[in-house]
Amino acid sequence: IDVVAPLPKLSFEDLWLGRLFSSLLPQLGCGNRTYQQTLEYLQAYTGGVSTSLYLNAQVSNPLAIGPSISLRGRALGRNVGRLAEVLNDFLVSPSFDDRERIKEILEKRHTDLENNLPQNALEYASSKAHAPLLEPHSISESWYGLSYLQHLRDLVTNYAEKEDAFLQKMAEMKESLLCNAGVHLVVCGDPQNMLT
């Protein structure tokens with residue numbers, strides 16, 4: 001099951017937060033479950049849940065883009081109902097209340113990116129050089145380039161003073177990114193297991 005929502009227009013300053021929201025979402029609790037309970041549920045009934053951001057450039061005009069966020073999960077046919085339930089919980093009621101868990105995720109993500117910086121230096125430099133040329137390049141650099149790492153580094157380094165404002169921003173992102181019009185549901189599987 002793939003739930004695809006068009007991204008609303010974000011300010012340039014908030015683009016990196018959209019990426020951060022996307023990476024945080026499947027690593028949190030949702031519905032009435034804590035993170036640990038959600039993880040156990042996912043391991044018991046699904047093959048995992050992930051999120052992705054896409055630019056969706058058109059073949060006829062690479063400058064015409066339709067950015068979207070995708071929440072995707074897979075499960076055996078007998079567990080399709082449980083997968084649909086947890087995807088709905090992630091969409092409707094993700095939990096940004098577990099401050100320790102969020103801080104832990106941010107620190108781990110920051111450490112991973114910093115450790116991989118030397119081997120990705122050329123890719124970062126290329127992305128930075130292309131960013132001013134075209135809007136799709138600029139958005140991509142904000143999501144995956146050096147700018148993203150710099151923003152994340154600043155957030156983690158100054159987290160004590162930025163935590164409340166950051167969590168408020170994540171709550172706003174939840175409303176604007178997941179609860180907007182134009183959501184598409186893509187279901188792949190055996191006909192007898194398809195949702196109706």
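All values reported here derive from a predicted model rather than from experimental measurement. Along the sequence shown, residues are numbered consecutively beginning with 1.
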Between Val49 and Leu185, is there a shared hydrophobic cluster once you connect ILVMFWY residues whose side-chain heavy atoms come closer than 4.5 Å? yes
Does the side chain of Leu42 reach to within under 4.5 Å of the side chain of Val86, using non-hydrogen atoms? yes
Would you call Leu76 and Thr46 a side-chain contact if the rule is heavy atoms closer than 4.5 Å? no
Could you state whether Ile105 and Tyr148 fall into the same hydrophobic cluster, counting links through intermediate Ile, Leu, Val, Met, Phe, Trp or Tyr residues with side-chain heavy atoms under 4.5 angstrom apart? yes
Find out if a path of hydrophobic residues (ILVMFWY) with successive side-chain heavy-atom gaps under 4.5 Å connects Leu91 to Leu53. yes
Salt bridge or not between Lys103 and Glu100? Use side-chain N to carboxylate O under 4.0 Å. no
Least distance between heavy atoms, Leu55 atom then Ser140 atom: CD1-CB, 4.4 Å
Is the side chain of Ser23 donor-acceptor paired with the backbone N or O of Leu20 at a distance under 3.5 Å, no angle test? yes
Glu40 side, atom CD; Gln37 side, atom CD - distance, nearest 0.5 Å: 7.0 Å
Main-chain N/O of Thr34 paired with Thr38 side-chain donor or acceptor, under 3.5 Å: yes
Any sub-3.5 Å donor-acceptor pair from Asn158's side-chain atoms to Asp154's backbone N or O? yes
Flag if over 12 foreign heavy atoms under 6.0 Å of CD, Glu85: yes
Ring centroid separation Phe96 to Phe21 under 6.0 Å: yes
Considering all heavy atoms of both residues, which atom of Val3 and which atom of Val183 are nearest to each other, and what is their separation? CG1-CG1, 3.5 Å
Do Arg33 and Asp89 touch side chain to side chain, with heavy atoms closer than 4.5 Å? yes
Assert yes or no for the condition that the ring centre distance of Tyr45 to Tyr41 is strictly below 6.0 Å. yes
Common cluster, Val4/Phe90, ILVMFWY with side-chain heavy-atom separation under 4.5 Å: no
Spell out, as yes or no, whether a donor-acceptor pair under 3.5 Å connects the side chain of Ser126 to the backbone of Leu122. no
Between Ser176 and Pro8, which heavy-atom pair has the shortest distance, and what is it? O-CG, 3.4 Å
Sub-3.5 Å donor-acceptor pair from the side chain of Ser93 to the main-chain atoms of Gly31, do we have one? yes
When rounded to the nearest 0.5 angstrom, what is the spacing between CG in Leu149 and CZ in Arg109? 9.5 Å
Is there a side-chain contact between Glu172 and Lys169, using heavy atoms and a 4.5 Å cut-off? yes
Nearest non-hydrogen partners of Asn56 and Gly66, listed with the distance: ND2-O, 2.7 Å
Do Tyr35 side-chain atoms and Ser95 backbone N/O form a donor-acceptor pair below 3.5 Å? no
Can you tell me if Lys128 has over 12 outside heavy atoms packed within less than 6.0 Å of its NZ? yes
So Leu24 and Met170, do their side chains get closer than 4.5 Å, heavy atoms only? yes
Please determine if Asp164 and Arg99 form a salt bridge, counting it only when a charged side-chain N lies under 4.0 Å from a carboxylate O. yes
Tyr54-Leu134 co-clustered via ILVMFWY side chain contacts under 4.5 Å: no
Contact check, side chains of Leu117 and Glu114, non-hydrogen atoms, under 4.5 Å: yes
Donor-acceptor pair, Lys174 side chain versus Leu25 backbone, under 3.5 Å? no
How long is the straight-line distance from CG of Leu87 back to CZ of Arg82, given to the nearest 0.5 Å? 14.0 Å
Within 45° cone of Tyr144 ring axis and under 6.0 Å: Arg19 NZ or CZ: no
Mark yes or no for whether Asn120, through its side chain, and Asn116, through its backbone, hold a donor-acceptor pair below 3.5 Å. yes
CG/Asn32: more than 12 non-hydrogen atoms of other groups inside 6.0 Å: no
Candidate pair Leu28 and Asp98, rule side chain to side chain contact (heavy atoms under 4.5 Å, CB included), full reasoning: CA-CA 8 Å; Leu28 301 174; Asp98 190 343; 5.8 Å; no
Between the main-chain N or O of Thr111 and the side-chain N or O of Asn115, is there a donor-acceptor pair closer than 3.5 Å? yes
Going by distance alone, is a donor N or O of one side chain under 3.5 Å from an acceptor N or O of the other, for Ser22 and Thr51? yes
Distance, nearest 0.5 Å, that separates CE of Met173 from CG of Leu167: 13.0 Å
Nearest 0.5 angstrom please: Gln150 CD to Leu113 CG, how far? 12.0 Å
OG/Ser147 to CH2/Trp16 distance, rounded to the nearest 0.5 angstrom? 11.0 Å
If you count every heavy atom of other residues, nucleotides or ligands that lies below 6.0 Å from Arg74 atom CZ, does the total exceed 12? no
Sort out for me which residue in Leu15, Ile139, Leu17 forms a side chain to side chain contact (heavy atoms under 4.5 Å, CB included) with Leu10. Leu15
Ignoring hydrogens and geometry beyond distance, is a side-chain donor-acceptor pair present between Glu141 and Ser127 at under 3.5 Å? no
